[in-house]
Amino acid sequence: MTAPEAELRFDQGTLILTGWHPKAIDHVFPAGWWNWDHRISAWRTFACRYSDVTTLIEQRSVGLTSMKPHWQTVVWSKVSLPFLRSEQTDAIEAWQKSKRGVVVMPTGTGKTEVALRIIADQSTSTLVVAPIRDLMYQWHHRIQKSLDYDAGILGDGIHNVRALTVTTYESACIHMPNLGDRFQLLVFDECHHLPGGMRQDSARMSIAPFRLGLTATPERSDGNHRLYGELIGETVYRLSVQDVAGKTLAPYEVVRIPIHLSPEEQTRYEFLGKQLREFIYDKRQNTPTYDWQTLCSEANHDLHARQALIWFRARQAIEDRASEKLRILEDLFRLHVGSPILIFAGSNAMAREVSLRFLVPCLLSHCGKKERQDYLNGLRDGTYPALVANQVLDEGVDIPAVKVAIVIGGKSSSRQAQQRLGRILRKQGEEPAVLYEVVCRDTNEEMTSRKRRRNDAYTRTRHRRL
Amino acid sequence: MLTREHGIAVYDGAVAHPDRLTRRQHGHYIDLAEKMLDIYRRGCGRVRRELHRDIHSLLEKIPDCPPRRADAFCKLLDEQSEYIKDKKGTAAQLRRQVYRAAASHHPLVQSKFELHDSLEPEVKLKISADIGESWDSIVRRFFIDIPDFQPLQFFAGYKSGNELLARYNVAQTQVALYDALAMTVWAKDDFKTILRYAKLAGLMHSIAQCDDGSYRFDLNGPASLLSHTTRYGIAMAKFIPGLLSCSQWRFEAKIRPKQWRRDLLLSLDSSAGLTSPVVAADEFDSDVESDFFTAWGPDPRDGWQLHRESRVLHQDQKVFIPDFTMTHVDGRHWLLEIIGFWTPEYLKQKQVALTRFQEYPILLAVDKTFQDHFVDYAPNIIAYKKRLKASDVLEFLRRTAS
């Protein structure tokens, strides 16, 4: 068998190098960069090393047939971007130095405009990766408006790849083995989603030398934010909420409204709590370490544990769907008549209940593209007075006119709380923003609320009764 | 296939045991499975959420039935069901109509404080009158495009409760493999089927022959070499039904469940009793092969023993499994490939494979009508008409020996 020709090529999210002697590999590349793949008799490494690999090959003047990346120059027929503020130009300049890295800016300070300017300046094949379908469509809309370009869409059942394409993290991860050599610039919106498990592949399996990450909340509880350097590049610019509150961001206040369960709900809540406490007490007589995990595990084979789990979920449902929450919503709607409002629910069931009670649109994952656009545009232009959602609106959705948000349920995650607050912080005029947090008193919700407010943006929260 | 959320497995030391319902331990599930099928068979017109509730009600009093198992059964039953989908988007249209009609009355209140306040019941009554449909009916249709609220139209079902349970067992093994890093299959037979299903699933292979003549196939994906990735776990799960349709195999998979920080072993073999939902491949590709094998018989002829598809030739990711291997008592061996099927692509593919593996002793038996395509392979070629005679092959073997 003749020795294969020296060649570098892209293969399913990796790079393959053929025809190289191990000594040549050791001579040209740092140790450990390439792995010998006996399955194909060639060297293999992750596609994200493309830039470094080609630079070293060029430096050493090594002759080989190198792959031709499939990216291309893109000419924009029209670029209409707003005048950028100083912090935005600072961010762009910081990124331009290495054309890699993460830009950390609070929600509402114009991260998308920063990215659009970079995309416009680079004029090359670009993939924009967003966390959810709604944001993917929002990017599509912004690109159309700013660059007069009908971007390709990859996701939501659509497979239309163009020189500038928008996608979701899930789709990018699935399709990168086939598309990893198509883009020179990757833009990861809300890039704190990238280091989660297999999503990393959407960065590792691409040869793109230019990478931009955008986020307001870079830190991850699993510590994987340390991977940004490898996947996107180090943080090149950081701006905090305090730097811009009242200037670039709308001034805001967070108002916490404690409510009580109705007498019937309270009775049922207490009954369920008592049952649950007694069950746990009995268990701890024999097993002092009996905890939540043990309960969940026992529920697999023990009818009593299973019943305890049912009690727990019933309690949660009472908190989540407390009737008083609907009454408070009515009051807040009265208070803010004429001002568009976002309502964040803790479950799809509660979001539907609010929607049916007040006949305001409910944005859930089942909504199609047209319906979503109708609701979001309708809230912007005043057709609809309010919009209720569970998690779909948590991140990135851009509705500058909204200055009032009401949280009636959710997780204890501080990031979710920050992102939800971020929805109302885009400055439009001098109108202050207000975020209401409706919490059932003397229930687990109080603890959840306390946990989620553990960040700087929630200091000076006011407590108010309506 | 089930999703990760449906997966149940017991981790015993370093070994993973996917959930498995057995006749001995779970005999009572046969009756439960029949009852579950009955709920779906009688369930046409009922919405998915109600059917799921009934399945959960049936199973929640069974001590050894965790809620996840009930969820998994719902998913498997749904896989065989057709629900009425709101393809024309009537629910979305209705919602839009209602929201727009209600917008000018916002907020809908329950008690009037001011003159222009809009009472919730009055507004709903008005909208209902404008649409010409009762409010209850509007509410019923309002979210009908959400899977939970879709009515069952048709249930193809499973033949019996036993079939549902068999499907469940396979599905749980598949879920466990979603977290697989790599998989090794040892097989004594059906190499072609195994490799075909591995290729269909998008897996890469390494092949090695064991001392006893069986083969070892290491299966994973391109990036498995670079990191401990579970990216190809779903491909391995998809490969399982194909493997189950084969005989005399065993496999070991290295899995890394998210909640565990170390690798676990999942193993299974063809005697485990899992039933494949895939029909086993035909034993022979053609009648010519079948007739030749029958004519030769199980005993050696002139000292030559005939084995079917027992040798795997491989070079990188290219594989060629000749139809027969002929081994002589003195240790000599020949591979026999019968070409009796004709399309230009097929012939081209065969020519490429034969060129790639030309260093092996391959005897070609070619249908007379297209023997011209293989003149380059003379003298190791026999042309046959309709049927390949064992005597012609034996004559060739005698000739080469001399």
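Because the structure is a prediction, the values reported are computed rather than measured. Letters go in sequence order (proteins before strands), and every chain restarts at 1.
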Taking ring-ring contact (aromatic ring centres under 6.0 Å, His included) as the definition, give me every residue that meets it alongside A:H175, ordered by chain and number, with sequence neighbours left out. A:H159

With B:F357, which residues qualify under ring-ring contact (aromatic ring centres under 6.0 Å, His included), at least two apart? none

Winner by heavy-atom pair count (cut-off under 4.5 Å) against chain A, out of [options]:
options	value
B:C65, B:S227, B:P147	B:C65
B:R95, B:H205, B:Q317	B:R95
B:H106, B:R69, B:R231	B:R231
B:A102, B:A223, B:P63	B:P63
B:I8, B:I62, B:D64	B:I62

What part of [X] gets within 4.5 angstrom of chain B, counting heavy atoms only: side chain, backbone, both, or neither?
X	result
A:V337	side chain
A:T14	side chain
A:D37	both
A:R204	neither
A:I174	backbone

Ignoring hydrogens and geometry beyond distance, is a side-chain donor-acceptor pair present between B:Y168 and B:R20 at under 3.5 Å? no

Is it true that B:H56 and B:D71 share a donor-acceptor pair across their side chains at a distance under 3.5 Å? yes

Which atoms of [X] come close to chain A, meaning under 4.5 Å heavy atom to heavy atom: side chain ones, backbone ones, both, or neither?
X	answer
B:T230	both
B:I138	neither
B:D148	neither
B:Q110	both

Candidates A:W36, A:W20, A:F29 - the one meeting ring-ring contact (aromatic ring centres under 6.0 Å, His included) with A:W43: A:W36

B:D218/A:R39 ion pair, N-O < 4.0 Å: no

